[in-house]
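Step one of this worksheet: look at the structure below.
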Amino acid sequence: MIVGLTGGIGSGKTTVANIFAKFDNVAIYNADAEAKKLMNTSPILKSKIIDEFGAASYVDNQLNRPYIANLVFKDKSKLEALNAIVHPEVKNHFQEFVNQQHHKDYIVYENAILFESKSNLKCDIIITVYAPLDVRVKRTMLRDNSSKIAVENRIKNQWLEDKKLLQSNYIIDNLDTEKTQIQVIKIHNILTEKSH
Ligand code: ATP
């Protein structure tokens with residue numbers, strides 16, 4: 001069973017995924033983290049990115065993140081081009097991961113752009129982590145040491161929260177960490193039951 005875990009920037013997806021990770025019968029896949037790894041390790045991805053964005057995309061064989069970020073966050077078509085290169089590779093990589101997880105009851109697939117990338121279609125269940133916009137902006141500024149405007153620009157490229165919440169099976173309100181834990185445990189018990 002594949003459980004999509006999504007939510008806006010700074011909503012607390014990784015925080016929630018870390019709570020799910022404590023259960024032995026659950027496997028976790030973080031699409032964003034795996035995409036970042038694959039951009040440095042996959043020869044196919046590297047050559048496609050260089051073809052699209054130029055040789056400056058890599059420095060010392062590592063993705064030149066500031067260079068790419070600067071290009072894609074100013075130009076939506078460049079972001080779409082990058083996503084069109086990266087997403088199919090991540091999807092393949094995730095499928096290989098799924099094939100190796102038969103012993104687990106369910107897999108939590110964390111993806112900030114689950115709906116935007118149509119990955120929701122691969123999920124049996126969808127959980128959206130929710131926190132109000134101002135809280136998310138403050139958390140992200142603090143975590144990434146970035147400006148308000150930089151965080152807001154990233155948010156602009158994502159769907160509005162309402163649209164995600166309406167298509168979710170479960171919504172986790174992530175304001176108070178203890179209450180978040182309780183919600184995760186309840187959902188985990190239901191999902192474990194469902195998977196049997
Ligand atoms: P992104 O989409 O940018 O990867 P995310 O949704 O995965 O973000 P997290 O990285 O889990 O969000 O959380 C963002 C920041 O907010 C982190 O620094 C985290 O420690 C903090 N945070 C998460 N949940 C809470 C909470 N309930 N109370 C206080 N701080 C929190």
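Hydrogens, waters and symmetry mates play no part in the numbers below; they use all other heavy atoms, side chains included. Atoms within each ligand, like the ligands themselves, are counted from 1 in listed order. Sequence positions, counted from 1, serve as the residue numbers for this chain. Note that the structure is predicted; figures quoted are calculated from it, not measured.
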Considering only heavy atoms of G12, which atoms of ligand 1 have at least one such atom less than 4.0 Å away? 5 (P), 6 (O), 9 (P), 11 (O), 12 (O), 13 (O)

Please state whether the rings of H188 and F20 are parallel, tilted or perpendicular, taking 30° and 60° as the class boundaries. perpendicular

With rounding to the nearest 0.5 angstrom, report the CD to CD1 distance, Q167 to I126. 7.0 Å

Are a donor atom and an acceptor atom from the side chains of Q95 and N99 found within less than 3.5 Å of each other? yes

Hey, looking at atom 27 (N) of ligand 1, which of D144, N174, I9, N111 has the closest heavy atom? N174

Quick check: closest heavy atoms across L191 and M1, and the distance to 0.1 Å? O-CE, 3.4 Å

Here the gap from I2 atom CD1 to Y106 atom OH, rounded to the nearest 0.5 Å, amounts to 13.5 Å

Geometry only, no angles: is T180 polar-contacting ligand 1 at N/O separations under 3.5 Å? no

Relative to the heavy atoms of L175, which atoms of ligand 1 are at a distance of less than 4.0 Å? 26 (C), 27 (N), 28 (N)

Side chain or backbone, does D32 bring an N or O within less than 3.5 Å of an N or O on ligand 1? no

Would you tell me which option among R143, E178, K138 has the nearest heavy-atom contact to atom 17 (C) of ligand 1? R143

From T192 atom OG1 to I187 atom CD1, the distance as rounded to the nearest 0.5 Å: 11.5 Å

Between the side chains of R154 and D144, is the shortest nitrogen-to-carboxylate-oxygen separation below 4.0 Å, so that they form an ion pair? yes

Decide whether the shortest distance between a heavy atom of G8 and an atom of ligand 1 is less than 4.0 Å. yes

Inspect the contact between E161 and R136 and indicate whether a charged nitrogen and a carboxylate oxygen are less than 4.0 angstrom apart. yes

Within 4.0 Å of some non-hydrogen atom of T177, the atoms of ligand 1 are 26 (C), 27 (N), 28 (N)

Side-chain heavy atoms nearer than 4.5 Å, only ILVMFWY residues, links allowed to pass through others: does that put V86 and I68 together? yes

Closest protein heavy atom (residue, atom, distance) for atom 19 (C) of ligand 1: T15 OG1, 3.9 Å

K13 versus ligand 1: do any nitrogen or oxygen atoms come within less than 3.5 Å of each other? yes

Of the protein's non-hydrogen atoms, which lies at the shortest distance from atom 26 (C) of ligand 1, and what is that distance? R139 NH2, 3.4 Å

Contact with ligand 1 for G10, non-hydrogen, under 4.0 angstrom: yes

Element-labelled atoms of ligand 1 that are located less than 4.0 Å from some non-hydrogen atom of T14: 7 (O), 11 (O)

